[in-house]
Amino acid sequence: MKIIRTKNYEEMSFEAAKIMAAQMVLKPQSVLGLATGSTPIGMYEQLVKWNKEGKLDFSQIRSVNLDEYCGLDGENDQSYRYFMNHHLFNHVNIDINNTHVPNGKAVDTKAECERYDALIESLGGTDIQVLGIGPDGHIGFNEPDAVFTKSTHRVELDPSTVEANARFFASIDDVPRFALTMGMGGIMSAKKILLMANGTKKKEILEKALFGPITPEIPASILQLHPDVTVICCVEND
Ligand code: GLP
């Protein structure tokens with residue numbers, strides 16, 4: 001595991017963007033595993049900037065996102081599909097048909113989860129998976145549990161996650177209570193993992209995840225078992 005500590009959010013975003021750009025230059029048809037949340041926004045801005053300057057090409061890139069809220073469609077500005085279109089896809093030369101987010105409106109969620117795992121497999125897995133970390137140590141929406149779940153699945157969000165994510169919604173009552181998330185199998189099958197963490201609120205959970213026992217109670221702790229993880233963090237100040 002490689003840990004890069006940065007001075008501030010801007011530097012964290014720039015370091016992460018450099019790694020993503022290197023992946024894309026070395027393999028223009030890369031499969032990028034992408035994440036939402038406030039943490040990767042600056043990285044996406046940098047990738048957009050390089051694309052606009054003609055330095056980075058997305059034309060052959062494929063992407064799979066980690067998760068989506070149940071009940072929200074892509075037109076809903078709180079959905080993760082909307083987030084990705086808004087922060088990245090609408091601003092770069094990616095073929096939108098090559099971008100994938102679980103369908104939060106699927107009626108048969110089991111079938112949707114199976115479809116998503118089959119899709120990831122058909123793409124040959126992800127070349128690089130971007131991750132943030134939730135306040136309870138979740139990655140994607142893999143919440144603390146008694147066991148690690150391998151496949152894409154429907155999950156009930158932890159009350160702390162609902163509370164943490166309420167800042168993006170008009171009121172806490174609007175936060176969906178369920179989500180579809182890539183499981184640990186999908187995440188851990190990525191060739192490389194890029195974990196980003198920003199702000200003092202993430203310091204303690206990040207330390208537990210990286211240096212504590214490997215346990216499904218701290219879902220991100222499973223990353224200790226992955227052979228190629230880069231952590232880029234700025235958790236000493238806000
Ligand atoms: C959500 C997402 C996670 C993300 C987390 C942290 O719960 N499902 O993928 O890592 O938020 O969000 P933030 O980066 O805003 O702290």
Side-chain angles (χ1 to χ4, degrees), residues 6 8-10 12-13 15-17 20 32-46 63-72 76-84 86-88 100-104 113 116 126 128-145 149 152-169 172 174-184 186-188 190 193-206 208-210 218-223 229-235 237-238:
T6 63
N8 52 37
Y9 180 78
E10 288 67 35
M12 179 195 72
S13 304
E15 289 300 316
M20 295 299 280
L32 307 181
L34 299 178
T36 55
S38 50
T39 308
I41 290 177
M43 178 191 74
Y44 292 139
E45 281 172 3
Q46 184 61 55
S63 74
V64 278
N65 260 78
L66 284 167
D67 46 14
E68 180 61 283
Y69 287 116
C70 288
L72 303 191
N76 187 310
D77 62 5
Q78 300 300 342
S79 72
Y80 285 169
R81 161 52 79 181
Y82 185 95
F83 175 104
M84 290 309 304
H86 180 73
H87 287 289
L88 183 65
H100 306 282
V101 181
N103 176 9
C113 291
Y116 209 65
T126 52
I128 187 162
Q129 176 67 58
V130 178
L131 294 174
I133 184 167
D136 58 0
H138 71 242
I139 47 178
F141 268 133
N142 290 274
E143 296 283 30
D145 204 348
T149 303
T152 299
H153 57 287
R154 179 174 181 266
V155 65
E156 180 166 11
L157 302 182
D158 193 271
S160 69
T161 301
V162 172
E163 202 185 315
N165 290 359
R167 66 202 144 111
F168 300 113
F169 291 80
I172 193 162
D174 295 336
V175 185
R177 269 28 181 194
F178 292 90
L180 301 183
T181 183
M182 195 188 285
M184 291 306 190
I187 292 173
M188 292 293 281
I193 291 184
L194 186 53
L195 173 67
M196 302 169 75
N198 176 56
T200 51
K201 270 194 286 193
K202 299 287 173 72
K203 185 177 157 82
E204 197 183 327
I205 193 66
L206 186 68
K208 281 187 187 162
L210 302 185
I218 311 273
S221 65
I222 200 171
L223 300 175
V229 177
T230 301
V231 182
I232 308 186
C233 58
C234 169
V235 292
N237 49 55
D238 290 309

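Counting starts at 1 for both ligands and their atoms, in listed order. One is the number of the first residue; the rest follow in order along the sequence. Side chains included, hydrogens not; waters and symmetry mates left out as well; all remaining heavy atoms used. These figures come from a predicted structure and were not determined experimentally.
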Side-chain donor or acceptor of Thr181 paired with backbone N/O of Gly183 under 3.5 Å: no
Test item, Arg167 contacting ligand 1 (heavy atom, 4.0 angstrom): yes
Residue portion contacting ligand 1 (non-hydrogen atoms closer than 4.0 Å) for Ala35: neither
Parallel, tilted or perpendicular, as decided by the 30° and 60° cut-offs, for the rings of Tyr80 and Tyr69: tilted
For the student: nearest non-hydrogen atoms of Ile193 and Ile187, plus distance: CD1-O, 3.6 Å
Trace of the side chain to side chain donor-acceptor pair (under 3.5 Å) decision for Asn198 with Thr39: CA-CA 6 Å; Asn198 176 56; Thr39 308; 5.8 Å; no
Proximal atoms of ligand 1 relative to Thr39 (non-hydrogen, under 4.0 Å): 13 (P), 14 (O), 16 (O)
Which residue and heavy atom of the protein sit nearest atom 5 (C) of ligand 1, plus the separation: His138 NE2, 3.8 Å
Distance from atom 1 (C) of ligand 1 to nearest protein heavy atom, with residue and atom: Tyr80 OH, 3.4 Å
Heavy atom of the protein closest to atom 12 (O) of ligand 1 (residue, atom name, distance): Gly37 CA, 3.9 Å
Nitrogen or oxygen atoms of Thr161 and ligand 1 under 3.5 Å apart: no
Nearest heavy-atom neighbours spanning Ile133 and Lys202: O-NZ, 2.9 Å
Proximity to ligand 1 by part of Met196, non-hydrogen separation under 4.0 Å: neither
Shortest protein heavy-atom distance from atom 4 (C) of ligand 1, along with the residue and atom involved: Thr36 O, 4.0 Å
Check: Asn142 and Val155 side chains under 4.5 Å, non-hydrogen atoms: no
Asp67 neighbourhood, listing ligand 1 atoms whose heavy-atom distance to it stays under 4.0 Å: 2 (C), 8 (N), 9 (O)
Side chain proximity check, Ile205 to Asp136, heavy atoms < 4.5 angstrom: no
Numbering as shown, the atoms of ligand 1 that approach Lys202 to under 4.0 Å (heavy-atom distance): 13 (P), 16 (O)
Contacting atoms of ligand 1, where contact means under 4.0 angstrom from a heavy atom of Gly132: 10 (O)
Polar proximity ligand 1 side, Gly140 side, N/O cut 3.5 Å exclusive: yes
Contact atoms of ligand 1, heavy-atom distance to Ile133 under 4.0 Å: 6 (C), 10 (O)
Gap between atom CG of Leu206 and atom CE of Met196 - 0.5 Å precision: 12.0 Å
Nearest-0.5 Å distance, CG of residue Leu194 to CE of residue Met20: 6.5 Å
